[in-house]
Amino acid sequence: MAIAGRRRFLDQWARALDVTNDLDAMATLRGLMNELDDARSQLQKTTRVLAGAPDPDASNGATGAMTALEDAWRDLLVVERRFAKHERGTKGGK
């Protein structure tokens, strides 16, 4: 990704996160990832209960939700790492 494209991408994320610098963006993303971790714990309990449900759609839905949650966490990690790389690569971040 070109430098200008990377900066634009991170600027869009910063606006979405309502932050003005890389360190705040990383902290906000970490907070969101922690919330997803909490949700994962709750969803694991639900998935275990629904594993024995007579309707496989319920279990499949919980499994699909877990996959989506894990994908979202991984995507946020990628963005957080891009902010970290950007912050190290420039004086003072954004």
Side-chain angles (χ1 to χ4, degrees):
M1 175 183 291
I3 296 297
R6 186 175 331 145
R7 181 172 296 253
R8 191 172 311 117
F9 174 81
L10 295 177
D11 287 345
Q12 290 170 341
W13 266 100
R15 279 191 298 279
L17 297 170
D18 196 26
V19 298
T20 58
N21 63 71
D22 293 350
L23 291 176
D24 287 345
M26 290 184 291
T28 300
L29 287 164
R30 268 289 148 200
L32 293 171
M33 292 166 66
N34 287 339
E35 290 179 21
L36 288 175
D37 282 336
D38 292 343
R40 180 185 305 146
S41 293
Q42 293 300 314
L43 187 54
Q44 284 173 337
K45 292 174 190 174
T46 302
T47 302
R48 278 193 294 273
V49 170
L50 293 177
D55 181 1
D57 289 342
S59 179
N60 292 342
T63 301
M66 183 66 79
T67 300
L69 192 147
E70 290 171 352
D71 289 346
W73 192 94
R74 220 175 1 263
D75 291 344
L76 291 181
L77 178 63
V78 168
V79 174
E80 191 267 343
R81 287 180 177 170
R82 287 184 180 180
F83 272 109
K85 183 176 181 180
H86 185 255
E87 197 274 330
R88 284 192 307 268
T90 61
K91 293 183 180 177
K94 287 179 23 179

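Note that this is a predicted model, so its numbers are computed, not measured. Note that the numbering runs from 1 along the sequence shown for the chain.
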How many angstroms lie between [atom1] in [X] and [atom2] in [Y], if you round to the nearest 0.5 Å?
{"X": "Leu76", "Y": "Asp71", "atom1": "CG", "atom2": "CG", "answer": "11.0 Å"}
{"X": "Met26", "Y": "Phe83", "atom1": "CE", "atom2": "CZ", "answer": "8.5 Å"}
{"X": "Leu69", "Y": "Gln44", "atom1": "CG", "atom2": "CD", "answer": "9.5 Å"}
{"X": "Leu10", "Y": "His86", "atom1": "CG", "atom2": "NE2", "answer": "5.5 Å"}
{"X": "Leu32", "Y": "Leu17", "atom1": "CG", "atom2": "CG", "answer": "6.5 Å"}
{"X": "Glu80", "Y": "Asp22", "atom1": "CD", "atom2": "CG", "answer": "10.5 Å"}

* Val49 with Met66, same ILVMFWY side-chain cluster at under 4.5 Å -> no
* Asp24 (side chain) donor-acceptor with Thr20 (main chain) under 3.5 angstrom -> no
* To do: Taking all heavy atoms of Leu43 and all of Ala65, pick out the closest pair and write down the distance.
  =>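 So the two residues come closest at CD2-C, 3.6 Å.
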* Can you see which heavy atom on Ala51 is nearest to which on Ser59, and at what distance? => CA-OG, 4.0 Å
* pair Leu36-Arg74: side-chain heavy atoms closer than 4.5 Å -> no
* Asked: How far apart are the C-alpha atoms of Arg82 and Trp13, what are their side-chain angles, what is the distance that settles it, and do they pass the side-chain contact (heavy atoms from CB on, under 4.5 Å) test?
  -> CA-CA 11 Å; Arg82 287 184 180 180; Trp13 266 100; over 6 Å; no
* To do: Start with the C-alpha distance between Val79 and Asp75, add both sets of side-chain angles, then the distance that settles side-chain contact (heavy atoms from CB on, under 4.5 Å), and finish with yes or no.
  => CA-CA 7 Å; Val79 174; Asp75 291 344; 5.8 Å; no
* Report the C-alpha distance between Asn34 and Asp37 in whole Å, list the side-chain angles of each, state the deciding distance to 0.1 Å, and finish with yes or no for side-chain contact (heavy atoms from CB on, under 4.5 Å). => CA-CA 5 Å; Asn34 287 339; Asp37 282 336; 4.1 Å; yes
